[in-house]
Protein chains: 2
Amino acid sequence: MEQVGSSGLVVDTIGAISRHIREKDLMPGDRLPSEAILSKELNVSRTVVREAFRSLAAMRIIELATGKRATVAQIDHGAMSLMIEHGVHTDQINIQQIYDVRRTIETRIVALAAIRRSDAEAAEILSLAAQMLECADNPAALLEHDLAFHTTLARASRNPVYSLLIGAFQGIIRQTWPIGWKSRPTQASRDLMLATHQDIARAVAAGDPQQAVDAMAQHFDESVRALLAAGMS
Amino acid sequence: MEQVGSSGLVVDTIGAISRHIREKDLMPGDRLPSEAILSKELNVSRTVVREAFRSLAAMRIIELATGKRATVAQIDHGAMSLMIEHGVHTDQINIQQIYDVRRTIETRIVALAAIRRSDAEAAEILSLAAQMLECADNPAALLEHDLAFHTTLARASRNPVYSLLIGAFQGIIRQTWPIGWKSRPTQASRDLMLATHQDIARAVAAGDPQQAVDAMAQHFDESVRALLAAGMS
DNA sequence: CAAGCCAAACCTGTCTGACAGGTTGAGGGG
DNA sequence: CCCCTCAACCTGTCAGACAGGTTTGGCTTG
């Protein structure tokens with residue numbers, strides 16, 4: 001390979017593989033050529049092709065598995081999640097900034113979900129909110145149900161980009177949620193949060209966007225207040 | 001290395017390096033151990049370390065350069081941009097869905113920008129809107145100024161996550177913007193778009209969030225209408 | 001003593017060849 | 001017609017090698 005660009009053979013190869021996917025109009029699940037074939041076609045060593053594959057796999061553009069050929073991947077929030085976590089761990093992003101973004105997009109999500117949710121999704125959302133009540137004294141379970149609640153709402157919005165973004169925040173939420181929970185010391189404050197989730201669920205199930213938006217806004221107002229009280233400024 | 005996980009040595013090594021960054025509290029710019037040292041410490045071959053490095057570099061968590069040691073990277077939208085493009089090219093995401101998300105976050109961005117923009121940013125935003133008028137008949141230049149306009153607004157919001165997201169959409173916007181522009185056949189419709197940008201700029205410069213939000217909402221209403229007229233449903 | 005230069009040590013990029021183990025598909029047996 | 005098996009194929013990992021680019025510490029020079 002002639003090293004068309006100036007950034008090295010691996011970068012060029014990543015470009016060549018991406019182009020291959022576009023030009024051949026490959027869809028998720030479709031198989032890519034084997035490493036050996038690609039290295040022959042592009043005139044690079046298998047080492048280079050493998051590093052290019054790893055790069056694309058890191059971005060979840062392709063999927064690798066032992067023995068099998070690489071396949072085109074479905075969009076997935078795993079990589080974004082790691083990027084966001086990295087940003088937070090290196091003090092480039094703080095939790096409040098994440099909450100502002102979440103508030104912004106989740107407010108829109110519930111509006112869409114209230115309009116577009118299927119009946120099955122409505123039931124699932126109501127069920128998750130109810131389950132949160134039942135495990136109110138089990139923080140780990142509560143966290144998981146909370147995440148599932150917001151993830152399901154995103155799915156009900158029928159816009160995969162919202163699902164992607166909510167998923168991207170999941171990793172860092174998992175790591176910081178306990179802070180917010182501990183900062184709700186009184187039973188009343190914890191009950192309020194659970195009640196708010198139920199308000200959101202009911203509004204979405206009832207197909208009332210305005211009420212859903214109001215409830216979600218209230219949810220985030222509480223959360224941010226709790227976070228600030230915990231000294232996360 | 002004992003292959004602690006079940007997904008292969010490379011995945012384990014990625015985890016080990018990420019952990020190293022967190023535990024040592026490395027900040028952007030800090031240098032990581034060399035490939036040779038890591039391969040010795042983790043008991044894996046240099047091949048494995050290199051593939052792990054490539055994966056982390058693909059997510060812009062670290063930065064590689066020939067001869068130099070790998071360094072911790074600053075957050076960057078490049079990887080997200082590729083992921084979004086992949087989603088669109090493989091029909092997992094469509095352009096309207098992107099516009100809905102953009103509308104949602106950019107409305108919030110201008111509200112924040114109106115409150116938090118520096119005087120220099122206000123001047124820059126006004127200038128970019130003015131420049132758009134000047135090259136109204138040069139689509140390529142217009143596109144670049146448009147992107148710069150929205151990017152600057154995101155920066156003025158003082159929330160790096162918004163900058164990240166706006167950056168993530170840049171790649172796909174660049175590829176689809178001409179469609180929207182061609183779908184504004186009349187001079188009046190094009191003038192309207194340029195005028196709307198100026199409205200946004202003026203509202204942000206004036207520090208008027210509500211007016212900025214209204215103008216941005218109008219901008220997206222127009223854009224989506226144009227897109228739909230172009231048959232992008 | 002300070003500023004600048006230089007070579008050796010260090011480091012990354014790429015290639016080759018090898019082998020273990022997982023996957024697949026064609027063809028044979030029931 | 002279905003299931004099984006096995007050979008061909010493919011990926012994961014390792015070791016060693018060599019061509020450049022980078023760093024650094026000591027040496028030279030002013």
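Chain identifiers are assigned alphabetically (A, B, ...) following the order of the sequence lines, protein sequences preceding nucleic acid strands; residue numbering begins at 1 within each chain.
Within the 3.5 Å criterion, the main-chain N or O of B/Ala52 finds no donor-acceptor partner in the side chain of B/Thr13. Side chain of A/Arg69 to main chain of A/Leu32: a donor-acceptor pair is present (N/O by atom type, distance under 3.5 Å, no hydrogens or angles). Of the possible donor and acceptor atoms, none in the side chain of A/Arg60 sits under 3.5 Å from a partner among the backbone N and O of A/Gly78. Put simply, the side chain of A/Arg117 gets close to the backbone of A/Ala205: a donor and an acceptor are under 3.5 Å apart.
Checked against D/dC14, D/dG12, C/dT14, the side chain of A/Val10 finds its nearest nucleotide in C/dT14. Considering only side-chain atoms of B/Ile37, the nucleotide from C/dT14, C/dA18, C/dC11 that sits closest is C/dC11. Distances were taken from every side-chain heavy atom of A/Lys68 (C-beta onward) to each of C/dG13, D/dC14, C/dT24; the shortest belongs to C/dT24. Nearest nucleotide to the A/Glu35 side chain, out of D/dT11, C/dT12, D/dT24: D/dT11. Each of C/dT16, D/dT24, D/dC14 was ranked by its minimum atom distance to the side chain of B/Thr47; first place goes to D/dC14. Of the candidate nucleotides D/dT23, D/dC14, D/dC10, D/dC14 has the atom nearest to the side chain of B/Leu9.
In this model, the phosphate group of D/dC14 is approached by a side-chain N or O of B/Ser45 to a distance below 4.0 Å at OP1 or OP2.
A donor-acceptor contact under 3.5 Å links the side chain of B/Arg46 to the base of C/dG13.
Nearest-nucleotide positions on DNA chain C for A/Thr66 and A/Val11 put A/Val11 closer to the 5' end. Positionally, the nearest nucleotide of DNA chain C for B/Pro33 lies more toward the 5' end than for the other of A/Arg31 and B/Pro33.
Cation-pi contact between A/Arg50 and A/Phe53: absent, since separation from the ring centre below 6.0 Å together with deviation from the ring axis within 45° is not met.
In the displayed structure, A/Glu144 atom CD is contacted under 6.0 Å by more than 12 heavy atoms of other residues, nucleotides or ligands. For B/Gln170, the CD atom is densely surrounded, since the number of other residues' heavy atoms within 6.0 Å is greater than 12.
Summarising the geometry, the separation between CG on A/Leu38 and P on C/dC15 is reported as 14 Å, rounded to the nearest angstrom. One atom, CG of B/Leu64, and another, C1' of D/dT22, lie 15 Å apart when rounded to the nearest Å. Spacing between atom NZ of A/Lys40 and atom P of C/dC15 amounts to 15 Å, rounded to whole angstrom units. Taking atom CG on B/Leu32 and atom P on D/dT23, their separation rounds to 15 Å, with Å as the unit.
Between A/His150 and A/His219, the ring planes lie parallel to each other; the angle is under 30°, not in the 30° to 60° tilted range.
If you check residues 17-25 of chain B against DNA chain C, you find no residue with a heavy atom closer than 4.0 Å. Contact check of residues 50-57 of chain B against DNA chain C (heavy atom, cut-off under 4.0 Å) returns B/Arg50, B/Arg54.
Side-chain contact annotation: A/Thr47 with A/Glu51, donor-acceptor N/O pair under 3.5 Å absent.
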